[in-house]
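The structure under discussion appears below in the form of structure tokens.
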Amino acid sequence: PAMVSGVVPLQEIDPTLFESRFLRKIRELGEGHYGKVELCMYDPHGDQTGQLVAVKSLKSESEGPENSNLRKEINTMRELYHQNIVKYKGICNEEGGMTIKLIMEYLPAGSLKEYLPKNKAQTSQHRLLHYAVQICQGMDYLGSQNYIHRDLAARNVLVENETLVKIGDFGLTKSIEDNADYYTVKEEQDSPVYWYAPECLIHRKFYKASDVWSFGVTLYELMTYCDRKSSPPEMFQNMIGRSHGQMTMARLVKALEDGWRLSCPPSCPDMIWVQAPVTPVTQNPSSCV
Ligand SMILES: C=Cc1cc(F)c(CN2CC[C@](CC#N)(n3cc(C(N)=O)c(NC(=O)OC)n3)[C@H](F)C2)cc1O
């Protein structure tokens, strides 16, 4: 056609493809299950006018299953559109597709874990509940797309501004087929056990209702302004004594079965606390935290 019209067709650019040569690492934002997240500037003009982005990549150049974990996470994020879910921006194919990077929007205020302790004075309980509602909205949308998050915690909720929060990481998120109602937990290492519902710890089955349990633990973190001294791991270790290595999981299960629960955060209103009656831990998902 160019020959006929004499006009060279515009180069079709895909805004979701980021070229590695223009991606400049600024600092690390976090380390996780099989990779890391870095703050980068994507600066194609090389004059610092580029945009800041959060980039998730594999720790080692492992071509193993981790790579497919990251590819699955990319396919998940690509399909999610919700005001309370961090925006997918695209991918960066290193060295012709051997390894891939996930490019997301950057929220400089960081997660609730960093934000709440620093901004406690200017964050009312009413605002905490507003954040809680937004987390529910994001999770409700995620569930409606047949995903279970499996790592809902204050550390994975990002602050856009003082009135908007977003679920920011989907490293353990799994799609459950329409007919299935749970995912069988495989990897044991560094599972967020203190946010796990009993059925996940005992039967390694993760339901959408298991995310509701994790939301309850996240609400506890919100109401304590993510105070480290009252974090779920800290409170549990105070109760059973310092870590017992691999015995920790067994002791956690025993404590939960015996009815132990996180205590009511200071000045947390009863209508939030609502200590539901401790139902016996059964095969079915229980979401009474
Ligand atoms: C490979 C797996 C994997 C790797 C990881 F490093 C983590 C842990 N990581 C998650 C992403 C993280 C917290 C959230 N949500 N975050 C995102 C932004 C952003 N988009 O702006 C941001 N901003 C920020 O800190 O600004 C000051 N933090 C933070 F990097 C921790 C989890 C994982 O599954």
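Nothing fancy with the numbering, it's 1 onward along the sequence. Order of listing sets the numbers, starting from 1, for every ligand and every atom in it.
- The closest protein non-hydrogen atom to atom 29 (C) of ligand 1 is Leu29 O, 3.9 Å.
- With a 4.0 Å heavy-atom cut-off, ligand 1 is reached by the backbone of Asp169 and by its side chain too.
- Looking only at protein heavy atoms, the nearest one to atom 24 (C) of ligand 1 is Gly110 CA, 3.6 Å.
- Looking only at heavy atoms of the protein, atom 31 (C) of ligand 1 is closest to Gly30 CA, 3.8 Å.
- Scanning the protein for heavy atoms near atom 23 (N) of ligand 1, the closest one is Leu107 O, 3.4 Å.
- A salt bridge links Lys56 with Glu73: the distance from a Lys NZ or Arg NE/NH1/NH2 to an Asp or Glu carboxylate oxygen falls below 4.0 Å.
- When only modelled atom types and interatomic distance are considered, Glu114 and Ser111 share a side-chain donor-acceptor pair under 3.5 Å.
- Taking 4.0 Å as the cut-off between side-chain N and carboxylate O, Lys59 and Glu31 count as a salt-bridged pair.
- Residues Tyr220 and Ser230 approach most closely at OH-O, 2.7 Å, considering heavy atoms.
- Between Lys166 and Glu105 a salt bridge is recorded (basic side-chain N to carboxylate O distance below 4.0 Å).
- Tyr147 approaches Glu79 most closely through the heavy-atom pair OH-OE1, 2.7 Å.
- Taking the six-membered ring where the residue is Trp, Tyr196 and Phe206 present perpendicular rings, their angle passing 60° and hence far from 30°.
- Here the shortest heavy-atom pairing between Ser57 and Lys101 reads CB-CG, 3.8 Å.
- Contacts between Met104 and ligand 1 below 4.0 angstrom, taking non-hydrogen atoms only, are absent altogether.
- Of the N or O atoms in Arg27, none lie within a sub-3.5 Å distance of an N or O in ligand 1.
- Using a 4.0 Å threshold on non-hydrogen atoms, atom 12 (C) of ligand 1 does not count as touching the protein.
- Of all protein heavy atoms, the one closest to atom 19 (C) of ligand 1 is Leu158 CD1, 3.6 Å.
- Among protein heavy atoms, the minimum distance from atom 9 (N) of ligand 1 is reached at Val37 CG2, 4.0 Å.
- Looking from atom 20 (N) of ligand 1 to the surrounding protein, the closest heavy atom is Glu105 O, 3.0 Å.
- Assignment of Glu28 to the shell around ligand 1 is not supported, since no heavy atom sits closer than 4.0 Å.
- Residue contacts with ligand 1, taken as heavy atom pairs separated by less than 4.0 Å, do not involve Ser111 at all.
- If you number the atoms of ligand 1 from 1 as listed, the ones under 4.0 Å from a heavy atom of Arg155 come out as 13 (C), 14 (C).
- Aromatic pair Tyr42/Phe18: centroids less than 6.0 angstrom apart.
- Short contacts between ligand 1 and Gly171, defined as distances under 4.0 Å to a heavy atom of the residue, involve ligand atoms 34 (O).
- Taking the charged nitrogens against the carboxylate oxygens, Asp169 and Arg155 have no contact shorter than 4.0 Å, which rules out a salt bridge.
- Contact annotation: for Lys56 versus ligand 1, heavy atoms closer than 4.0 Å belong to the side chain alone.
- If you check which protein heavy atom lies closest to atom 5 (C) of ligand 1, you get Gly32 N, 3.3 Å.
- Ligand 1 places these atoms under 4.0 Å from at least one heavy atom of Gly35: 1 (C), 2 (C), 4 (C).
- Lys205 and Glu199 are not joined by a salt bridge, as no carboxylate oxygen comes within less than 4.0 angstrom of a charged side-chain nitrogen.
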